[in-house]
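Data first, discussion second: the structure below is written as structure tokens.
These figures come from a predicted structure and were not determined experimentally.
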Protein chains: 2
Amino acid sequence: MATGRTHRPATRSRGIPEATVARLPLYLRALTALSERSVPTVSSEELAAAAGVNSAKLRKDFSYLGSYGTRGVGYDVEYLVYQISRELGLTQDWPVVIVGIGNLGAALANYGGFASRGFRVAALIDADPAMAGKPVAGIPVQHTDELEKIISDNGVSIGVIATPAGAAQQVCERLVAAGVTSILNFAPTVLSVPDGVDVRKVDLSIELQILAFHEQRKAGEETEGEAAVPPAAPTGAAAAADGRKGPDGDVPAVMPA
Amino acid sequence: MATGRTHRPATRSRGIPEATVARLPLYLRALTALSERSVPTVSSEELAAAAGVNSAKLRKDFSYLGSYGTRGVGYDVEYLVYQISRELGLTQDWPVVIVGIGNLGAALANYGGFASRGFRVAALIDADPAMAGKPVAGIPVQHTDELEKIISDNGVSIGVIATPAGAAQQVCERLVAAGVTSILNFAPTVLSVPDGVDVRKVDLSIELQILAFHEQRKAGEETEGEAAVPPAAPTGAAAAADGRKGPDGDVPAVMPA
DNA sequence: CGCTGTGAACGGCTTCACAGCT
DNA sequence: AGCTGTGAAGCCGTTCACAGCG
């Protein structure tokens, strides 16, 4: 079947839209900050500002969780923190393993944000025998051979892949076979997983490329002209005769300056 | 203005939908792999599989760029690599600075995926004087005091923030004031930026929380039919029935172990 | 009165299915 | 015949604007 994203279109979720789920952690963070300052209640307007969204969206998001606000007043901070935590499943402890302890894996192991939210790094795993036993972030690195045992002994259902691209799919398969059903993938590859397994990917270079796209447009906005550069001649058989379309004919050359 | 996300709903882009832009890097990667294997052409079906999307989506995405395929044949790999690279602005060199050289910043500096795609790490910046001069990934770390000079000397328009959350907003403001107009933020904070500045955020703990949400639902699914929650949001009347709204101890700890 | 909760309108993205070119 | 390119339909998420409750 397909690769990458494993949403769940079939299983009638429970009514909470994916887009809303993705914002709950944001609200939770803002609420936690308020909680630490002992603020008792917030209005949707204030909380929305703190979370960087607009208030209508926030109210609609919360409406999927239930009626947790008080009209004329706002939301009770502590109560909402609890409800969102519960909804996200953060009232329980999630053991995670990190596979691939290079620069990035080590950074992840050291990242404080995990531990603070119910995630516990149960093990660090690397294929390099020389790494075995070496402590990273206070946790000894274990060899890949132990992967299956570690997963099952610790009841791990969430795995983080921080290996090179070439190793990722194989690691993924071993994780899944051992019982992992959620994967956070930092390797720049598309992972194939069976149904029922969720994959989220974080790809640093993709993010930069998206920024570059917008950046380019900004730059072009003032100057713009940007001729259609002659492409590196298609080596393919079919395209031999140049007659390419590109910024001719039906293509809307450039934006309205 | 608002915070966080700085799309651009106003500026009549150039017709390429944001969702499409976000996938172009994915296609580019798949195409690059094909190119390295000297594959001359691909069909939308094959390429879509390699990129982990469906073929109709891919064809529609490409249609925004122009008519780059050949009916009955497919797409010329080399040609498409060039076109997408150009569209993304990767035919030029983008100097970036990384601010905050902790574990994560160092990992980013070492990350090969940047250099390979037209991004050049122009400088590493950290607030810790003890770091100054120390080479990370072969590049000497410079002190924050130099930030403005570095940005302007190198014509940097893209900045990466990998500082602790507390420092991020201030660093952001200095970057923007110095001329940076695109920011990739790894700090777990909502950044406020003026119009015209793009921010993308990568938040590790948010990704895990989203996975935890789905993971929790999976667990509840097998255990039983899960509490009979109304599929849609409860209306005012229904809310009264399950007596929520009590910040005091009577909160029902649903959650099948 | 103030602020939440939400139906309804809107806009963007995805999917379908087939016309049209090679 | 094969595969791209695209109108049209459907779906999902966002925004609006106001009813409803405290």
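What separates OH of B:Y79 from P of D:dT4 is a distance of 16 Å, to the nearest Å. Protein atom CG of A:L47 is 15 Å distant from nucleotide atom C1' of C:dG5, rounded to whole Å. A:D76 places its CG atom 15 Å from the C1' atom of C:dT4, with the value rounded to the nearest Å.
With rounding to the nearest 0.5 Å, the separation of CG in A:L58 from OG1 in A:T20 is 10.0 Å.
The side chain of A:S44 contributes an N or O atom lying less than 4.0 Å from OP1 or OP2 of C:dT4.
Within the structure, the salt bridge (charged side-chain N to carboxylate O under 4.0 Å, His left out) test picks out the following pairs touching residues 49-63 of chain A (sequence neighbours left out): A:R23-A:D61.
Taking the six-membered ring wherever Trp is involved, the centroid distance between the rings of B:Y79 and B:Y82 does not fall below 6.0 Å. Between A:Y68 and A:F62, a ring centre-to-centre spacing not shorter than 6.0 Å is recorded.
Across all strands shown, B:Y75 has heavy atoms under 4.0 Å from sugar-phosphate atoms exclusively, and none from any base.
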Atom pairs, protein N/O to nucleotides 20-22 of chain D N/O, distance under 3.5 Å:
from: D:dG20; atom 1: N3; to: A:R71; atom 2: NH1; distance (Å): 3.2

Can you build the contact string for nucleotides 10-18 of chain D? Use B for base contact, S for sugar-phosphate-only contact, and - for no protein heavy atom under 4.0 Å. ---SSB-B-
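Taking 4.5 Å as the limit, some side-chain heavy atom of B:I206 sits within range of a side-chain heavy atom of A:R29.
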